[in-house]
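Heads up, the thing below is written out as structure tokens.
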Amino acid sequence: MKLGFIGTGALSSAIVTGLKTLPGEITTVVLSPRNEEIAAGPAARFPDVTVAADNQAVLDASDTVMLGVRPQIARDVLPTLRFRPDHHVVSLIATFSCAEIAAMVGQVKRVTKALPMPMIAIRQGPTIIFPPDPDMAAFFGRLGTAIEVTSESEFDALSVATATYASYFKYLETIHSWLKDNGVDEAKGRAYIASLFGALGQAPETTPDASFAHLAQDYATRGGINEQVLRELTEHGTFEKFRESLGGIHRRITAAS
């Protein structure tokens with residue numbers, strides 16, 4: 001594979017880092033110069049990663065091309081490039097459908113959507129792929145968990161989950177701030193929270209037959225402190241509001257695509 005990236009943002013950089021830190025990995029990678037500061041990092045770190053003179057040079061040197069441009073400029077950038085029919089175009093732009101991407105890249109016969117998460121840099125986390133594609137499943141399977149989906153509507157629904165990262169860390173920050181206000185050393189509190197929620201994150205894998213609702217019930221011991229917080233958040237409508245936010249993100253994604 002000769003791999004190129006049009007648009008070199010944080011996600012493209014994370015994919016390259018995850019890939020090139022695999023033992024014995026020799027895939028050549030060509031980056032667009034769009035974000036010179038981000039592109040320069042992987043190019044300086046890995047000998048077979050280079051920064052092209054422009055986006056067309058990326059295409060000319062690649063057979064698989066990942067699109068990481070911002071949605072706001074994709075319609076201006078992509079139609080100006082000369083894609084080959086044999087290019088495999090992999091769109092990392094969640095808000096564009098395969099049909100919309102295909103219309104922007106001209107005569108390309110193979111278009112795939114993929115949505116990894118930033119932790120792909122350390123080869124963790126899922127990447128959803130549509131339509132099912134054995135090459136991309138193998139590629140992203142080496143960098144975490146590859147999940148192939150059979151419909152674009154399923155892809156869009158799963159994409160909504162990626163809108164929750166910041167809220168998750170705000171949740172942890174709220175706990176951390178409360179601990180500091182109550183006399184806990186900042187570094188100690190952070191280490192405790194990171195370890196605690198890292199361990200909690202393993203629960204779904206260690207109990208694969210348990211639903212998330214069942215896990216919530218298991219941890220909410222009757223009359224206990226977990227039950228109290230869960231009850232109070234529920235009574236305040238926290239989870240219902242959260243669900244409404246997810247619906248809003250879904251409407252935004254599907255309207256854009």
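Worth saying up front: this structure is predicted, and the values here are computed from it rather than measured.
When atom types are taken as modelled, the side chain of H87 and the backbone of S62 share a donor-acceptor pair closer than 3.5 angstrom. Judged by distance alone, with hydrogens and angles left aside, the side-chain atoms of S151 form a donor-acceptor pair with the main-chain N or O of E154 at under 3.5 Å. Judged purely by atom type and a 3.5 angstrom limit, S32 uses its side chain to pair as donor or acceptor with the backbone of G7.
The side-chain hydrogen bond (donor to acceptor under 3.5 Å, both in side chains) contacts involving residues 187-201 comprise nothing, where partners must be two or more places apart or lie in separate chains. Screening residues 119-128 for side-chain hydrogen bond (donor to acceptor under 3.5 Å, both in side chains), with sequence neighbours left out, gives T21-R123. Pairs of residues two or more places apart, or lying in two chains, that qualify as salt bridge (Lys or Arg N to Asp or Glu O under 4.0 Å) and include a residue from residues 138-150 are E25-R142. Applying the salt bridge (Lys or Arg N to Asp or Glu O under 4.0 Å) test to every pair with at least one member in residues 77-87, sequence neighbours left out, gives these pairs: R84-D86. Residue pairs satisfying the side-chain hydrogen bond (donor to acceptor under 3.5 Å, both in side chains) criterion with at least one member in residues 196-207, sequence neighbours excluded, are absent.
The shortest distance between side-chain heavy atoms of V16 and L31 falls below 4.5 Å. Counting heavy atoms from C-beta outward, S12 and L92 have side chains that approach closer than 4.5 Å. Between V77 and N55 there is a side-chain heavy-atom pair separated by less than 4.5 Å. The closest side-chain heavy-atom distance from F96 to R75 is below 4.5 Å. Residues V29 and F5 form a side-chain contact, since some pair of their non-hydrogen atoms from C-beta on lies under 4.5 Å apart. The shortest side-chain heavy-atom distance between F139 and V90 does not fall under the 4.5 Å cut-off. Side-chain contact between T27 and L19: present, with at least one pair of heavy atoms (C-beta onward) separated by less than 4.5 Å. Taking the side chain as every heavy atom from C-beta outward, P116 and L143 never approach each other to under 4.5 Å.
Hydrophobic clustering, with ILVMFWY side chains joined whenever heavy atoms are under 4.5 angstrom apart, keeps I122 apart from L115. M104 and V108 fall within the same hydrophobic cluster, where Ile, Leu, Val, Met, Phe, Trp and Tyr residues are linked whenever their side-chain heavy atoms come under 4.5 Å apart, directly or through other members. At a threshold of 4.5 Å between side-chain heavy atoms, the hydrophobic network of Ile, Leu, Val, Met, Phe, Trp and Tyr places F130 and I128 in one connected group. M117 and F155 are members of different hydrophobic clusters when ILVMFWY side chains are connected at heavy-atom separations under 4.5 Å. By the criterion of side-chain heavy atoms lying less than 4.5 angstrom apart, applied directly or through intervening Ile, Leu, Val, Met, Phe, Trp or Tyr residues, L22 is grouped together with M136 in one hydrophobic cluster.
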Show every donor-acceptor pair shorter than 3.5 Å between a side-chain atom in residues 176-184 and any protein atom, with sequence neighbours excluded, or say none if there are none.
{"from": "H176", "atom 1": "NE2", "to": "E186", "atom 2": "O", "distance (Å)": "2.9"}
{"from": "N182", "atom 1": "ND2", "to": "W178", "atom 2": "O", "distance (Å)": "2.9"}

Distance-only check: which donor-acceptor pairs under 3.5 Å involve side-chain atoms of residues 162-169, not counting sequence neighbours?
{"from": "T162", "atom 1": "OG1", "to": "S159", "atom 2": "O", "distance (Å)": "2.6"}
{"from": "T164", "atom 1": "OG1", "to": "A161", "atom 2": "O", "distance (Å)": "2.7"}

Sequence neighbours excluded and cut-off under 3.5 Å, please list the side-chain donor-acceptor pairs for residues 226-237, or say none.
{"from": "E227", "atom 1": "OE1", "to": "G223", "atom 2": "N", "distance (Å)": "2.7"}
{"from": "Q228", "atom 1": "NE2", "to": "E232", "atom 2": "OE2", "distance (Å)": "3.2"}
{"from": "T234", "atom 1": "OG1", "to": "L230", "atom 2": "O", "distance (Å)": "2.7"}
{"from": "H236", "atom 1": "ND1", "to": "E232", "atom 2": "O", "distance (Å)": "2.7"}

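Qualifying salt bridge (charged side-chain N to carboxylate O under 4.0 Å, His left out) partners for D48, counting only residues two or more places apart in sequence or in other chains: K20. Checked against salt bridge (charged side-chain N to carboxylate O under 4.0 Å, His left out), E173 has the following partners two or more places apart in sequence or in another chain: K170. Partners of D135 according to the salt bridge (charged side-chain N to carboxylate O under 4.0 Å, His left out) rule, which considers only residues two or more places apart in sequence or in another chain, are R110.
Grouped by direct or indirect side-chain proximity (heavy atoms under 4.5 Å, Ile/Leu/Val/Met/Phe/Trp/Tyr only), I26 sits alone.
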- Passes side chain to side chain donor-acceptor pair (under 3.5 Å), T112 versus H88? Steps please. CA-CA 8 Å; T112 305; H88 182 186; 2.8 Å; yes

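Y171 and F197 have perpendicular rings, their planes meeting at more than 60° on a 0 to 90° scale where under 30° would count as parallel.
Heavy atoms only, all atoms of each residue included: L78 and F83 are closest at O-CE1, 3.7 Å.
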